[in-house]
*Asks:* 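First the structure, which I've put down as structure tokens, then a few questions once you've had a look.
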2 protein chains.
Amino acid sequence: MTDTGAEKRPPTIDDVVRVAKAEPELPAEDGAVREGTAPPRIVEIARLAGVSPITVSRALRQPEKVAEAKRRKILEIVERTGYATNPHARALRSGQSNIVAAFVSNIQSQQFCLAVQGCGEVLEPQGYQLMIGQTSYSYAKETTMIQSLREMRPAAVMFTGVIEIEENRRALRALGIPIMETWAYPRDPIDMLVGFSNIDGGRLAAEHFAGRGYRRVAFIGRRSGRGALRLSGFREGAHEAGLDIVAELSVDGVSSMVDGRRALGDLLSRDASVQAVFCANDLLATGALLEARRRGMRLPDDIAILGFGHQDIADELPPGLTTVGIDSRDLGRRAGQLILQRMRSETPDSLTQVVDLTLAQRGSS
Amino acid sequence: MTDTGAEKRPPTIDDVVRVAKAEPELPAEDGAVREGTAPPRIVEIARLAGVSPITVSRALRQPEKVAEAKRRKILEIVERTGYATNPHARALRSGQSNIVAAFVSNIQSQQFCLAVQGCGEVLEPQGYQLMIGQTSYSYAKETTMIQSLREMRPAAVMFTGVIEIEENRRALRALGIPIMETWAYPRDPIDMLVGFSNIDGGRLAAEHFAGRGYRRVAFIGRRSGRGALRLSGFREGAHEAGLDIVAELSVDGVSSMVDGRRALGDLLSRDASVQAVFCANDLLATGALLEARRRGMRLPDDIAILGFGHQDIADELPPGLTTVGIDSRDLGRRAGQLILQRMRSETPDSLTQVVDLTLAQRGSS
DNA sequence: TTGTAGGCGTTATCAA
DNA sequence: TTGATAACGCCTACAA
């Protein structure tokens, strides 16, 4: 990649500290941005190789169409000069950008970040760049971002979620690019889907509670989106198993551990006889778990808590949080693979994949 | 924004569940991407408004240079048709893209995400898009990403960190665009800096321990980058206060709670007399705290733990983790503001800002 | 205040 | 297998 074999030893503590000893000095104020030398253009490469620009273009994009010797020479020069295609010119002429937009509901969520990472692992080696945006669980923000996609003209779009508002669904379809939805299992995805049934997740929670012998159960979570689906499944499962849902506590907006704490407090003050609580995400569950322990309750004897998401911390907090969830990174990788096929105009076997829900049994239930 | 006043009521649980009842059905396989109608071009807007394309361009970019009546008419048509400038054409012609690249060491880190969010809050309303990349604390990955910037040609670049490798620093300077470094306080930032002294942070930790009367102290953290600086300051502070550093445990690679657990175990088996531990980040500190509690130790009496980062969870885990840190979102906002000024070729008062380190005293020390 | 001419760098198309 | 030509959509420079 580089033109010299220059050493590139990572700095060790001694280097770092030697440089940084002077930390508190203010840096010189002349640090104006220096104009870089203009990067080489395709014509320059063509000139050096003694071919026409289009041949250089082909050598990079369809190497099999260029004679062996020329191709080698061209690639060597590209390497040496550090030539890189101007993506704007390329996108303008070919109508193909190498940007894939990924929208997460909340960038602070480990689950969503893992999925995006997984997707990036697949796409980036193929020359695509992920651009990450955050919808903050806000339908208004979602609408704004989708509108801004018209300007961005990405090669594909992925969401850690499904789009519920019909107007936004139409807008996305109109982009004419691959659209990936995830994290749920709607009957009519816009285009592609790697998802799972949140309803089944809720049902699994209820079945787990029933299997462990709890009868008086409760729900804490959002009343819209995926929270609503998990609640719905939980209701069904509870009904079938003869469980008694003593309370459904609504937490709206982006939830935090504090919400989980507060919700558990509310719940206990309403009905102290509750035996088991299903929290629609791990952040709420973690808060509830901490609150229960703060009150000196023993888990799972005094109260059982079940989360959703397989978040790292769930395993670390004593006595360990039982959670329902999926392998988010794997979901992201699969999504990336489908998107890739679609961008290459290959035909995936199926535009829809389902990932498995699993229950990780720990000490809290 | 939209051409109709169509209702856009967010779905409630009933809508959601009604749609999703059919979840387990496989979606129809015909979901091919439909070609969208081509978006309008500037010539189309110009035709509708009875002006030339350049006037439309000006009405959007330099409205004051277009006569009131024409401007209003043009903007009305733009609104109605949903016209959006093709960013590639614009970038190609003007040499200015609206993408700002932001690199975080680890996308899972709450601190870095907050900073990026803060930065986005400032830049996005001005029409810039943040593109997020992850360096994974790897110098090799950092080098690769910096090279890929040549192709991406963003309007500016921001890092949640400073660039230590001279070759990368040169490559960044050569881009000729605003570069923002953060999270440290080098004497010679590449261009702009919103930082703080990690050495001071380490010193603050030592001083805090001294003030609380602990004498036998230890360090857990990375030996490179910021970890090294925090250790360096911690050593200095400990030396000045007459503390005894009984151990310095190295955790390399991306750290996790499990590393913190293990490191505390190692530490205690080496020297059980240690009174206080400074962990170079909150993830390690959280792991150490949990491990201490798992072993039945009382905090801070049996052992005091101090973290770095002001991460949310630090406040939630009993007895509360004392941490040194900064306001990350604020750092991000300031960085965004400087970047914005620089992109507009305004002259900021200073290319360098320092944010304050604070110590949040909780129960763990 | 508005418009004309031309080019940013690349690749599609067609021809050789 | 290679090249000539033109065009992608917009904006800078200059002219009116």
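Chain naming here is simple, since letters A, B, ... match the order of the sequence lines and numbering starts at 1 in each.
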*Asks:* Under the side-chain contact (heavy atoms from CB on, under 4.5 Å) test, which residues partner A:Leu75, sequence neighbours left out?
*Replies:*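 Partners of A:Leu75 by the side-chain contact (heavy atoms from CB on, under 4.5 Å) criterion, ordered by chain and then number, come out as A:Leu60, A:Arg71.
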*Asks:* Verify, without hydrogens or angle tests, whether B:Glu181 (side chain) and B:Met158 (backbone) share a donor-acceptor contact under 3.5 angstrom.
*Replies:*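 Side chain of B:Glu181 to backbone of B:Met158, a donor-acceptor pair under 3.5 Å: no, none is there.
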*Asks:* Categorize A:Arg61 for me: base, sugar-phosphate, or nothing, with a 4.0 angstrom heavy-atom threshold over every strand shown.
*Replies:*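 Sugar-phosphate, no base atom in range.
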*Asks:* Within residues 64-78 of chain B, which residues have any heavy atom lying less than 4.0 Å from an atom of DNA chain D?
*Replies:*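 Close to the strand, none.
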*Asks:* Under the side-chain contact (heavy atoms from CB on, under 4.5 Å) rule, collect the residues that match up with B:Pro53, sequence neighbours excluded.
*Replies:*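 Here the qualifying residues are B:Ile42, B:Val43, B:Ala46.
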*Asks:* Which atom names give the shortest non-hydrogen contact between A:Thr55 and A:Val66, and what distance separates them?
*Replies:*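 It is O-CG2, 4.0 Å.
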*Asks:* Looking only at heavy atoms, which two atoms of B:Gln134 and B:Ile107 are closest? And how far apart?
*Replies:*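 Between these two residues, the closest heavy atoms are OE1-N, 2.8 Å.
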*Asks:* What are the 5'-most and 3'-most nucleotides of DNA chain D lying under 4.0 Å from any heavy atom of chain A?
*Replies:*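 The contact span of chain A on DNA chain D goes from D:dT1 to D:dG9.
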*Asks:* Any pair with a residue in residues 148-168 of chain A that passes ring-ring contact (aromatic ring centres under 6.0 Å, His included), sequence neighbours left out, goes on the list, sorted by first then second residue, please.
*Replies:*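 Every ring-ring contact (aromatic ring centres under 6.0 Å, His included) pair that includes a residue of residues 148-168 of chain A, provided the two are not neighbours, is A:Phe103-A:Phe159.
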*Asks:* Taking the axis from the first five pairs and the axis from the last five, what angle separates them in the helix from C:dT1-D:dA16 to C:dA16-D:dT1, rounded to 10 degrees?
*Replies:*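 About 30° separates the two local helix axes.
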*Asks:* Going 5' to 3' along DNA chain C, which are the first and last nucleotides with any atom under 4.0 Å from a heavy atom of chain A?
*Replies:*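 Going 5' to 3' along DNA chain C, contacts run C:dG9 to C:dA12.
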*Asks:* Tell me the salt bridge (charged side-chain N to carboxylate O under 4.0 Å, His left out) pairs involving residues 115-125 of chain B, sequence neighbours left out?
*Replies:*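 Applying salt bridge (charged side-chain N to carboxylate O under 4.0 Å, His left out) to every pair that reaches into residues 115-125 of chain B, excluding sequence neighbours, yields B:Glu121-B:Arg329, B:Glu121-B:Arg333.
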*Asks:* Please list all pairs meeting ring-ring contact (aromatic ring centres under 6.0 Å, His included) that have one or both residues in residues 70-93 of chain A, counting only residues at least two apart or in different chains.
*Replies:*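 As it turns out, the ring-ring contact (aromatic ring centres under 6.0 Å, His included) pairs with a partner in residues 70-93 of chain A, which skip direct neighbours, are A:His88-B:His88.
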*Asks:* Checking all strands, does B:Ile42 fall into the base, sugar-phosphate, or nothing category for heavy-atom contacts under 4.0 angstrom?
*Replies:*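 B:Ile42: backbone/sugar contact only, no base atoms under 4.0 Å.
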*Asks:* Taking side chain to side chain donor-acceptor pair (under 3.5 Å) as the test, write out the residues that go with B:Ser97, two or more places apart.
*Replies:*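 Scan of B:Ser97 (side chain to side chain donor-acceptor pair (under 3.5 Å), adjacent residues dropped) gives none.
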*Asks:* Which residues pass the side-chain contact (heavy atoms from CB on, under 4.5 Å) test with A:Gln353, not counting sequence neighbours?
*Replies:*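 Once residues adjacent in sequence are excluded, the partners of A:Gln353 under the side-chain contact (heavy atoms from CB on, under 4.5 Å) criterion are A:Val194, A:Arg334, A:Leu338.
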*Asks:* Return the set of residues passing side-chain contact (heavy atoms from CB on, under 4.5 Å) with B:Ala155 (not counting sequence neighbours), or none when no residue passes.
*Replies:*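 With sequence neighbours excluded, B:Ala155 shows a side-chain contact (heavy atoms from CB on, under 4.5 Å) to B:Tyr128, B:Met343, given in chain and number order.
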*Asks:* What pair of heavy atoms forms the shortest contact from A:Gly127 to A:Asn98, and how long is it?
*Replies:*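 Scanning both residues, the minimum pair turns out to be O-ND2, 3.2 Å.
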*Asks:* Identify the heavy atoms of A:Ala171 and A:Ile146 that sit nearest to each other, and give their distance.
*Replies:*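 Residues A:Ala171 and A:Ile146, closest heavy atoms: CB-CG2, 3.9 Å.
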